[in-house]
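Data block below; observations after.
Note that the structure is predicted; figures quoted are calculated from it, not measured.
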Amino acid sequence: MRQGRYPLILTFLLPPLALYGIFVISPYLQAFQISTTDWLGYSAQADPVGLANFRALLDDGYVWNALKNNAILLVVVPVVTITLGLFFASMLAMGGRKGRAGVTGVRGTSVYRLVYFFPQVLSVVIIALLWKQVFSPTSGLLNGALRTFGLATPAWLGDPRFAFWCVLAVMVWSNVGFYVVLFGAAMQAIPRDIYEAVLLDGASRAVMLWKITIPLLWDTIQVAWIYLAIAALDGFILVQLMTNGGPNSSSDVIGLRMYDTSFGTENKFGYASAIGVAMFFLTLSVAVLALRTARRDRIEYS
């Protein structure tokens, strides 16, 4: 500190910024450059092709099919996950009877929180392999239960009608527990007097959730929406391990399409980079749009 605070700040600030620039910013910039070449990934030759890769994207049916699936995930996953998260969190925080202690949650709240949060301690790989076994047409737990009741036993992940929706259900299941805990923690900061006053006025639990809880948690919901939207635009690991985009590309997503284009039989790193650049701007646009459309005046309470 004898030399002044600015040398001290620069000493601790420059190394992290340099590492971030080398390992984060630099790969992004290289991806932009590679997207304008025909590089195959394993050769030293990379001839510039301008915007040809981006023009090819417009006529690629596989890319549009993957984008369609990502669009469905983008709409369904955040809506279902946030809805379930808010419902379960509100039940745990104020689902019990109103007694002497005021508004309370249901019995066994701590146990429920542990059960809901359990998927978060598992890696995505374990979740994918676990549910792949559950959906197995021969030895899976789901078909075993259906067989017990004499019901039809679909192929699930092997059926184009169900494969994508099975992956979507697993994505919701793996995420909802985190948002139950997140929303529950945010609800703890809301004064109980507000809930008790609303209940005394005769409002139902549903009205209390819609008119009181959601407006007060809007900032948290907005952040959750952005995180889930980014996750929905990815979905790579779950899809690759559960279905590998099949059958007949029915569950393909853009992340898997980019991976197969670069590391599969095609080895088109330039074209795959163009897909990545397009997804970069699409993800950025979705995040900015979500922030702007969901903007509202903040409600403060003391």
Side-chain angles (χ1 to χ4, degrees), residues 35 38 40-41 52-81 123-147 151-175 228-280 282-283 286:
S35 66
D38 61 355
L40 299 179
N53 289 328
F54 295 96
R55 286 193 293 267
L57 288 177
L58 301 177
D59 299 322
D60 194 332
Y62 290 105
V63 170
W64 283 108
N65 174 67
L67 280 175
K68 180 201 71 174
N69 289 337
N70 277 111
I72 297 174
L73 292 175
L74 181 61
V75 174
V76 177
V77 170
V79 171
V80 176
T81 304
S123 70
V124 181
V125 175
I126 294 176
I127 291 174
L129 296 178
L130 173 68
W131 280 96
K132 188 175 182 180
Q133 292 300 317
V134 171
F135 287 123
S136 173
T138 55
S139 58
L141 181 64
L142 182 56
N143 273 0
L146 294 175
R147 206 174 289 114
L151 301 175
T153 55
W156 299 117
L157 299 179
D159 192 327
R161 297 174 300 170
F162 302 120
F164 173 75
W165 299 104
C166 290
V167 175
L168 187 150
V170 174
M171 189 176 294
V172 171
W173 178 86
S174 63
N175 283 290
L228 286 167
I230 294 174
L233 288 173
D234 180 20
F236 167 72
I237 300 178
L238 277 178
V239 173
Q240 186 195 37
L241 293 178
M242 292 184 66
T243 64
N244 199 26
N248 299 328
S249 300
S250 60
S251 61
D252 198 10
V253 291
I254 199 65
L256 182 62
R257 175 54 36 199
M258 181 171 58
Y259 177 85
D260 288 341
T261 302
S262 56
F263 297 104
T265 57
E266 300 180 53
N267 289 118
K268 297 180 179 179
F269 269 71
Y271 187 59
S273 297
I275 298 176
V277 170
M279 285 306 300
F280 169 79
L282 179 60
T283 306
V286 168

* So how far is it from Leu157 CG to Ser250 OG, rounded to the nearest 0.5 Å? -> 9.5 Å
* Find the distance between CG (Leu228) and OG1 (Thr81) and round it off to the nearest 0.5 Å. =>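 Going from CG on Leu228 over to OG1 on Thr81, the span is 5.0 Å.
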* To do: Report the residues that fulfil ring pair (Phe, Tyr, Trp, His ring centres under 6.0 Å) with Trp173, sequence neighbours left out, ordered by chain and then residue number.
  =>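 Checked Trp173 against ring pair (Phe, Tyr, Trp, His ring centres under 6.0 Å); matches are Trp131.
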* **Phe263: partners by ring pair (Phe, Tyr, Trp, His ring centres under 6.0 Å), with sequence neighbours left out** =>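 Per chain and number, Phe263 pairs via ring pair (Phe, Tyr, Trp, His ring centres under 6.0 Å) with Tyr259, Phe269.
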* To do: Dump the intermediate steps for side-chain contact (heavy atoms from CB on, under 4.5 Å) on Phe164 and Thr243, then the final yes or no.
  => CA-CA 8 Å; Phe164 173 75; Thr243 64; over 6 Å; no
Run the side chain to side chain contact (heavy atoms under 4.5 Å, CB included) test against [X] and tell me which residues pass, sequence neighbours left out.
X	result
Phe280	Tyr28, Phe32
Val80	Val76, Leu84, Val172
Leu129	Val125
Pro154	Asn143, Leu146, Trp156, Phe162

* Would you say the side chain of Trp165 lies within less than 4.5 Å of the side chain of Ile72, judging by non-hydrogen atoms? ->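 Answer yes - side chains close enough.
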State, to 0.1 Å, how close [X] and [Y] come at their nearest heavy-atom pair, and which atoms those are.
X	Y	result
Ala274	Leu57	O-CD1, 3.9 Å
Ala229	Pro78	N-CG, 4.1 Å
Ser251	Gly246	OG-O, 2.6 Å
Met242	Lys132	O-CE, 3.9 Å
Pro160	Asn248	CG-ND2, 4.1 Å

Can you sort out the partners of [X] under salt bridge (charged side-chain N to carboxylate O under 4.0 Å, His left out), two or more places apart, ordered by chain and number?
X	result
Asp159	Arg161
Lys268	Glu266
Arg147	none

* To do: Mind jotting down which residue pairs meet the side-chain hydrogen bond (donor to acceptor under 3.5 Å, both in side chains) criterion with at least one end in residues 53-74? Sequence neighbours excluded, please.
  =>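 The answer is Asp60-Tyr271.
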List the atom pairs, with distances to 0.1 Å, where a side-chain N or O of residues 231-241 and a protein N or O form a donor-acceptor pair under 3.5 Å, not counting sequence neighbours.
{"unit_1": "Asp234", "atom_1": "OD1", "unit_2": "Phe236", "atom_2": "N", "d": "3.3"}

* Asked: Under the salt bridge (charged side-chain N to carboxylate O under 4.0 Å, His left out) rule, what pairs show up with a residue in residues 244-256, not counting sequence neighbours?
  ->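 Listed by first then second residue: Asp252-Arg257.
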